[in-house]
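Data block below; observations after.
One-based numbering, in listed order, for ligands and for the atoms of each.
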Amino acid sequence: MSIETKQAIKYRKPSAEDGSRIWKLVQDTGSLDLNSPYCYMLLGHYFNDTCLVAEDRGRMIGFISGFRPPRNPETLFVWQIAVARSHRRRGIAKAMLTELLAQDGCRGVRFIETTVSPSNIASRRLFLGFAEEKSIPSTVTVGYGADMFPEETPHDDEPLFVIGPFFNDI
Ligand SMILES: CC(=O)NCC[C@H](N)C(=O)O
């Protein structure tokens, strides 16, 4: 009888060398905007204090990217959350958000901002659930409307979620 060992998922900062694998992971999710491999290399190189990758026995199965806007460093803007199809419904997105907030790079964060298209139900649930679970105020406003995107590349609305203020006790 095979016993599936529940090996822990490992979380670490990405590096520029992870850029291609992140690009492939995001491509495979099929639900996010696929940025260039170069963009993911930049995130791994210059923004990795506010990004993480998740690995299952060495295989990259998750990615969360963020940055702290220079004009508003108390905010963590969460750019993308990607989880491999094979690893959905295991709480990995929530674990990546929690793990990211526990990083030194998120010390002093009091607000989370992100945009989530109405079709991205999992991410919508993640952020609103995070706010509800911790009794943190949250608002959803227009963000980037579909009409802001080029006609040549139609895109869903990207409503802006603002969660906070909260005390990110690392
Ligand atoms: C939280 C998240 O993954 N938002 C996605 C924003 C946008 N559609 C993108 O894919 O970059």
Close-range residues for ligand 1, whose non-hydrogen atoms fall below the 4.0 Å threshold
L32, D33, W79, Q80, I81, T114, T115, F127, E158

Taking side chain to side chain donor-acceptor pair (under 3.5 Å) as the cut-off, I'd like each qualifying pair that reaches into residues 127-139, sequence neighbours left out, listed once.
K94-E133

Any chance the side chains of S65 and Q80 put a donor and an acceptor closer than 3.5 Å?
no

Using atom types as modelled, flag every donor-acceptor pair under 3.5 Å from a side chain in residues 145-153 to any protein atom, sequence neighbours excluded.
none

Salt bridge present between D18 and R21 (N-O < 4.0 angstrom)
yes

Would you mind writing out the side-chain donor-acceptor pairs for residues 101-108 within the sub-3.5 Å range, not counting sequence neighbours?
residue	atom	partner	partner atom	Å
Q103	NE2	E99	O	3.1
D104	OD1	R107	NH2	2.9

Could you go step by step and tell me if N35 and Y40 meet the side chain to side chain donor-acceptor pair (under 3.5 Å) rule?
CA-CA 7 Å; N35 299 301; Y40 294 115; 3.2 Å; yes

